[in-house]
Trainee: 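Here you go, one structure.
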Amino acid sequence: MPGSRSTYPSKALAVACVASIAVIFGSAASSASDNDSIKIAVEGAFPPFNYLDTANQLQGFDVDVAKALCEAAKLKCEFVIQEWTGMIPNLLAKRYDAILSSMSMSSERRKQVAFTRKYYDSPSVFIVRKGSGVVSTAPEDLKTVKLGVTAATSQEAYAKKFYGAVSTRVFHSSPDLYKGLADGSVDIILEDKLAVYDWLANTKAGSCCEFKNGDIKDAEYFGDGAGIAVRPSDTQLLARLNAALDTIQAVDTYDTINAKYFPFGIR
């Protein structure tokens with residue numbers, strides 16, 4: 001689920017659905033040694049950042065950034081599709097080597113993993129149906145409406161902390177959350193701004209709805225942007241990914257990927 005997948009990791013070791021897909025890329029793919037081969041986890045269910053297209057192929061901003069980083073770092077990379085709540089547990093269990101899936105760098109996550117520098121940033125925001133009559137998003141003004149959030153996200157954690165008195169429905173995924181808003185199952189949702197932007201701007205269903213009030217930024221819950229997560233012991237991989245990130249941002253590679261998905265900069 002959005003600019004970052006501002007989602008808290010599950011505190012319980014969730015049973016995750018891990019699927020490796022046959023996409024191997026990177027400029028060193030034909031001659032990479034074992035030390036130059038890594039597996040990168042993505043959720044595959046968070047458009048426009050990462051998703052499966054009609055041909056069941058991974059697409060999205062995160063995917064394109066991953067490919068560019070692997071080429072710049074001369075890494076042979078393979079995608080692994082990972083259900084969201086198992087992301088960090090399965091990284092620590094060494095089922096893959098990095099997470100590049102719009103993961104916000106919250107203080108809670110930093111206790112478990114090491115992050116690169118941010119590769120994009122986005123606030124959270126409330127969204128309502130047009131003409132809903134919702135004027136204020138202050139907690140005391142939402143007591144007569146139903147709020148929607150996505151499970152295991154920082155938005156859910158934020159809502160529990162600051163909107164505990166508001167009736168709240170938790171959805172399994174971002175697409176389910178958006179559908180719930182559109183069909184009236186909930187009256188207002190809290191979501192990552194960039195994640196929901198594509199739905200609002202580019203889908204017929206999303207034309208029902210609009211942002212309400214200003215951006216919400218809270219480093220404790222939403223972190224300091226989206227970063228690439230690795231195990232704390234993998235210091236060489238961390239340095240290599242940071243160097244590759246510097247490379248693609250110094251030339252037009254990053255900006256070209258940015259422009260493919262958003263009409264504004266998201267660094």
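Values in this document were obtained by computation on a predicted structure and should not be read as measured data. One-based numbering along the sequence shown.
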Trainee: Give a yes or no on whether the backbone of Thr137 and the side-chain of Asp141 come within a donor-acceptor separation of less than 3.5 Å.
Mentor: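 No, Asp141 side chain to Thr137 backbone: no donor-acceptor pair under 3.5 Å.
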
Trainee: Scan for ring-ring contact (aromatic ring centres under 6.0 Å, His included) pairs involving residues 121-150, sequence neighbours excluded, and state none if there are none.
Mentor: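 Only Phe126-Tyr163 qualify under ring-ring contact (aromatic ring centres under 6.0 Å, His included).
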
Trainee: Are there more than 12 heavy atoms of other residues, nucleotides or ligands under 6.0 Å from atom CD of Glu140?
Mentor: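 Yes, CD of Glu140 has more than 12 neighbouring heavy atoms, counting only those of other groups under 6.0 Å.
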
Trainee: Do Ser154 side-chain atoms and Tyr221 backbone N/O form a donor-acceptor pair below 3.5 Å?
Mentor: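 Indeed, once roles are kept as given, a pair shorter than 3.5 Å links the two residues.
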
Trainee: Okay, side chain of Arg129, backbone of Val186: is any donor-acceptor separation there less than 3.5 Å?
Mentor: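 Side chain of Arg129 to backbone of Val186: a pair is present.
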
Trainee: Salt bridge or not for Arg240 and Asp36, using N-O below 4.0 Å?
Mentor: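 Between Asp36 and Arg240 there is a salt bridge, with a charged N closer than 4.0 Å to a carboxylate O.
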
Trainee: For Glu83 and Thr85, does a side-chain donor sit closer than 3.5 Å to a side-chain acceptor?
Mentor: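 Present: a donor and an acceptor within the cut-off.
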
Trainee: Any donor-acceptor pair under 3.5 Å linking the side chain of Tyr254 with the backbone of Tyr119?
Mentor: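 Judged by distance alone, yes, a pair lies under 3.5 Å.
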
Trainee: Does Glu71 pair with Lys67 as a salt bridge, N-O distance under 4.0 Å?
Mentor: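 Between Lys67 and Glu71 there is no salt bridge, as every charged N stays at least 4.0 Å from the carboxylate O atoms.
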
Trainee: What class does the angle between the rings of Phe61 and Phe49 fall in, given that below 30° is parallel, 30 to 60° is tilted and above 60° is perpendicular?
Mentor: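 Taking Phe49 first and then Phe61, their aromatic rings stand perpendicular (interplane angle over 60°).
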
Trainee: Restricting to non-hydrogen atoms, name the atom on Lys212 and the atom on Val135 that form the minimum distance, rounded to 0.1 Å.
Mentor: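 The answer is CD-O, 3.9 Å.
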
Trainee: Report yes or no: does Thr150 contribute a side-chain atom to a donor-acceptor pair with the main-chain N or O of Thr153 at less than 3.5 Å?
Mentor: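 It does not hold such a pair.
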
Trainee: For Lys94, is the NZ atom crowded, meaning more than 12 foreign heavy atoms sit under 6.0 Å from it?
Mentor: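 No, NZ of Lys94 has 12 or fewer neighbouring heavy atoms, counting only those of other groups under 6.0 Å.
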
Trainee: Please confirm whether the backbone N or O of Ser106 pairs with a side-chain atom of Asp224, one donor and one acceptor, at under 3.5 Å?
Mentor: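 Answer holds: no.
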
Trainee: Any donor and acceptor pair, going by atom type alone, linking the side chain of Asp252 with main-chain N or O of Thr256 inside 3.5 Å?
Mentor: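 Such a contact is absent between Asp252 side chain and Thr256 backbone.
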
Trainee: For Arg169, what residues pass the salt bridge (charged side-chain N to carboxylate O under 4.0 Å, His left out) criterion, not counting sequence neighbours?
Mentor: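 Once residues adjacent in sequence are excluded, Arg169 has no partner under the salt bridge (charged side-chain N to carboxylate O under 4.0 Å, His left out) criterion.
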
Trainee: Quick one: does any side-chain atom of Gln57 pair with a main-chain N or O of Asp53 as donor and acceptor, under 3.5 Å?
Mentor: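 It does not hold such a pair.
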
Trainee: Does Asn50 reach the main-chain N or O of Gly60 with its side chain, forming a donor-acceptor pair under 3.5 Å?
Mentor: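 Pair absent, no side-chain N/O of Asn50 close to backbone of Gly60.
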
Trainee: Test salt bridge (Lys or Arg N to Asp or Glu O under 4.0 Å) on Lys179 and Asp176; report intermediate values, then the result.
Mentor: CA-CA 5 Å; Lys179 183 177 183 296; Asp176 292 339; over 6 Å; no

Trainee: Check step by step if side-chain hydrogen bond (donor to acceptor under 3.5 Å, both in side chains) holds for Gln155 and Ser124.
Mentor: CA-CA 8 Å; Gln155 286 82 17; Ser124 290; 2.8 Å; yes

Trainee: Which pair of heavy atoms, one from Ile248 and one from Ala72, lies closest together, and at what distance?
Mentor: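 Heavy-atom minimum between the residues: CG2-CB, 4.0 Å.
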
Trainee: Looking at Leu241 and Val230, what are the two nearest heavy atoms and their distance?
Mentor: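 So the minimum-distance heavy-atom pair works out to CD1-CG1, 4.0 Å.
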
Trainee: If we check salt bridge (charged side-chain N to carboxylate O under 4.0 Å, His left out) with Lys260, which of these qualifies: Asp255, Asp198, Asp64?
Mentor: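 Considering Asp255, Asp198, Asp64, a salt bridge (charged side-chain N to carboxylate O under 4.0 Å, His left out) with Lys260 is found only for Asp64.
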
Trainee: What I want to check is whether the side chains of Glu43 and Ser101 have a donor and an acceptor closer together than 3.5 Å.
Mentor: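 No, Ser101 and Glu43 have no side-chain donor paired with an acceptor closer than 3.5 Å.
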
Trainee: Cation over ring, Lys39 on Phe79, under 6.0 Å and within 45°?
Mentor: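 The answer is no; the distance or angle limit is not met.
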
